[in-house]
Number of protein chains: 2
Amino acid sequence: MIVVNKIRELNAIDNWVRHFTRAPHQWNVVHQSDAELVALPGTDRLLAITIDTVAEEIVTGLYREPFTMGWVAVMASLSDLAAVAADPLGLVVSVVLEPGRDDSFRTALAQGMAAACDAGGTFLLGGDTNTAISPSLTTCAIGIVSRRPVLNRVGCRPGDTVFLSGPAGAGSALALSRFLHSEGFPEGSYRPVARLNVRQTIRRFATACMDTSDGLLPTLDQLMRLNGMGFRITQDVAHILDRRALRLAVEADLPPWFMLAGPHGEFELVLTVPQGLTEHFMAEARSAGWEPVMTGTVTEEIGVKMAIDGRQCAVDTAGVRNLFDEVSGDISRYARGLAAMLVPEPEV
Amino acid sequence: MIVVNKIRELNAIDNWVRHFTRAPHQWNVVHQSDAELVALPGTDRLLAITIDTVAEEIVTGLYREPFTMGWVAVMASLSDLAAVAADPLGLVVSVVLEPGRDDSFRTALAQGMAAACDAGGTFLLGGDTNTAISPSLTTCAIGIVSRRPVLNRVGCRPGDTVFLSGPAGAGSALALSRFLHSEGFPEGSYRPVARLNVRQTIRRFATACMDTSDGLLPTLDQLMRLNGMGFRITQDVAHILDRRALRLAVEADLPPWFMLAGPHGEFELVLTVPQGLTEHFMAEARSAGWEPVMTGTVTEEIGVKMAIDGRQCAVDTAGVRNLFDEVSGDISRYARGLAAMLVPEPEV
């Protein structure tokens, strides 16, 4: 029973969207794609456009190093392009800083952006700078995609195999490390790379794709709502997780699956591959030097399930998505609230 | 004698740019164009991309109505597309608001954006929302331009006629009205419309183009630097100015030309037309229902000149551009400083 208006973030977006006329040349509807897709006149291709702002992560102190801020601001937009397997044309950036920021801060910020552009194989095309009381970094990335087929969040089928483009949980690990004042996951190790480099393989095999910028479970929740299907995580959580994230959870005596809850994610991709193509996909990926993480399967039954300590559980993914806002970002309450989001299935 | 590093804003931009590798497919160099221009693979056209943030205007109280904030945020980007005579494909927007903003504020903001999209004949494609201590609205607009010829800030020749797409000074009028606590230019009358509607005429006749988002004199200063030429404003300032801007200046006992100084502009276009085509251009514009404002002429000699009270004066446009920052936004000091920026030419 999918009730879209259970999700605060989706409500907020829908409240915006209702004021605007839909563009007739826009290919996707709201929520359907990580990047907006519009017909490119005179061609058989689409333009992919996305905008992302890094602000809360700076204000709350999650990011303290300007290099990280710049890096993530660029990767957030590039990751949306990666989720539609676009060939990037470049980015523009708007940098809003407090009046007092010195040159060394600006330099490190620019270096983070430049390094992220290099790592993503693309370029900064231009930008704008402004002054305000609190900082924010906004990037807009554009790319080109083929119309046949158009990859987006919708299109998976029951039985499809679910892959992660790489281990998940680095985003939660950074957040937990901050909360614990731990050096278990230093900020400098949070250097997510948008998965643009595997776009050719993804284009050939994926039926649906979305990035984990909000964490794996919120991503599966969104894919579930859009596709009207469910997900079963068949892999052990320990095998899905970034090793440092796993170690940090264990040290903090937290269930490892907490590291999949977001809301701070890591820009891996969740992609679904038809079961019959799974082996072929894995072989192609490996020959391209890429090791996707087999994660689970698409189910006809709606809902997200995973095995915890050998017991099959349903995850209240709507509850997970709303929780951080509901506890006003209080990490202790968040952790306590998460524990209640697992509902063990009756034993048969 | 053009010393580019005299301009604070240009220095700041150059300090950013030096950290980045230039995109090989980017058509324009830094400062050359209101919108970034990149080759669109597989076509003979260019993609125009621009990003703009409205933040300072909100924080300083220049804009108090959310409808205005949304309207201007959209028009700022569309105006950059208009300056390269692009066919718009749409916009994406990032809205950063303080936690306490209520629904009526959000609604009016969205309505301002939607109305501006309608007025510009284009569409919002998507966006992002965030929370921060101070608000900022960032828009990124994209469009398509022909490669032959590419219109940008560079390309005018001595003898070209300088036109404004419409009366200038509305931006300064709003700022002055705020400062005077006057109702002479209420916020609701500041509804600049990006000049996308005249792009077909501009494409055919203009040799260079730039918008007046920072005011007319800063725009002429920038065009002067980029083209290595000068400008003589031959028209009476009273004939260039928006009527309400002129009346406000007269009432405040300020020289009317102050309304051309910025830094808050109004999104008209400055364009240059070869002298031999001027009459043809005027006729075409009028038949399209558009009345461009004949403003002056391009001169071989570098510098910006205008006649004030019948006396030819040189304007220290670099001084004008830096002044607002140098007086830390103090309007009284700004007005006193402006008065010193006119250097009467020796009588012959």
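Throughout, a chain's letter reflects where its sequence line sits, starting with A, and its residues are numbered from 1.
Side chains of A:Arg191 and A:Thr68: a donor-acceptor N/O pair is present below 3.5 angstrom, by distance only. One side chain, B:Asn28 or B:Gln26, offers a donor N or O that lies under 3.5 Å from an acceptor on the other. A donor atom on one side chain and an acceptor atom on the other are not found under 3.5 Å apart for A:Arg333 and A:Ser328. Side chain to side chain, A:Thr50 and A:Asp80 meet the donor-acceptor criterion of an N or O pair below 3.5 Å.
Chain B forms more heavy-atom pairs under 4.5 Å with one residue of A:His25, A:Arg106, A:Gln111 than with any other, namely A:His25. The candidate with the highest count of non-hydrogen atom pairs below 4.5 Å against chain A, out of B:Val30, B:Leu47, B:Asn15, is B:Leu47. The most heavy-atom pairs under 4.5 Å with chain A, out of B:Val17, B:Val93, B:Leu40, B:Leu89, come from B:Leu89. Counting heavy-atom pairs under 4.5 Å between each of B:Cys117, B:Cys140, B:Gly90 and chain A puts B:Cys140 at the top. The residue among B:Leu125, B:Leu124, B:Val59 with the most heavy atom pairs within less than 4.5 Å of chain A is B:Leu125. Each of B:Ala115, B:Pro135, B:Ser94 has some count of heavy-atom pairs under 4.5 Å with chain A, and the biggest count is that of B:Ser94. Counting heavy-atom pairs closer than 4.5 Å to chain A, the top-ranked of the candidates B:Gly126, B:Gly127, B:Ala110, B:Pro24 is B:Ala110.
Neither the backbone nor the side chain of B:Ile58 comes within contact range of chain A; no heavy atom of the residue lies under 4.5 Å from a heavy atom of that chain. Neither the backbone nor the side chain of B:Pro99 comes within contact range of chain A, judged by heavy atoms closer than 4.5 Å. B:Glu56 touches chain A through backbone and side chain together, each having a heavy atom under 4.5 Å away. When heavy atoms are compared at a cutoff of 4.5 Å, B:Ile142 approaches chain A solely by way of its side chain, counted from C-beta outward. Within the 4.5 angstrom heavy-atom criterion, atoms from both the backbone and the side chain of B:Val92 approach chain A. Only the side chain of B:Asp118 comes within contact range of chain A, with heavy atoms under 4.5 Å apart. Within the 4.5 angstrom heavy-atom criterion, atoms from both the backbone and the side chain of B:Ile51 approach chain A. Heavy atoms closer than 4.5 Å to chain B are found nowhere in A:Leu37, neither backbone nor side chain. Proximity to chain B is limited to the side chain of A:Ile144, based on heavy atoms less than 4.5 angstrom apart. Heavy-atom distances place no part of B:Ala35 under 4.5 Å from chain A, backbone and side chain included. The parts of B:Thr107 that come within reach of chain A are both its backbone and its side chain, each placing non-hydrogen atoms under 4.5 angstrom from that chain. Interface remark: A:Ser136 contributes side-chain atoms only to the contact with chain B (heavy atom separation under 4.5 Å). Contact annotation for A:Ala39: only backbone heavy atoms (N, CA, C, O) come within less than 4.5 Å of a heavy atom of chain B. Heavy atoms of A:Val95 lying under 4.5 Å from chain B belong exclusively to its side chain.
Comment: B:Arg18 does not engage B:Asp14 in a salt bridge, judged by the lack of any side-chain N to carboxylate O separation of less than 4.0 angstrom. Salt-bridge formation is not detected for the pair A:Arg147/A:Asp44: no Lys NZ or Arg NE/NH1/NH2 atom is positioned less than 4.0 Å from an Asp or Glu carboxylate oxygen.
A donor-acceptor pair is defined here as one N or O able to donate and one able to accept, closer than 3.5 Å; such a pair exists between the side chain of A:Thr219 and the backbone of A:Gly215. Under a 3.5 Å cut-off, the side chain of B:His19 and the backbone N or O of A:Ala114 do not form any donor-acceptor pair. Of the possible polar contacts, none joining the B:Glu57 side chain to the B:Val54 backbone as a donor-acceptor pair under 3.5 Å is found. Side-chain N or O atoms of B:Trp16 include none that pairs as donor or acceptor with a backbone N or O of A:Asp128 at under 3.5 Å.
Within a 6.0 Å sphere centred on CD of B:Glu326, heavy atoms belonging to other residues, nucleotides or ligands number more than 12.
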request  = Apply side-chain hydrogen bond (donor to acceptor under 3.5 Å, both in side chains) to A:Asp52 and A:Thr139, showing your working.
outcome  = CA-CA 6 Å; A:Asp52 266 292; A:Thr139 56; 5.9 Å; no

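The two residues B:Ser146 and B:Arg45 come nearest to each other via the heavy atoms CA-CG, 4.2 Å.
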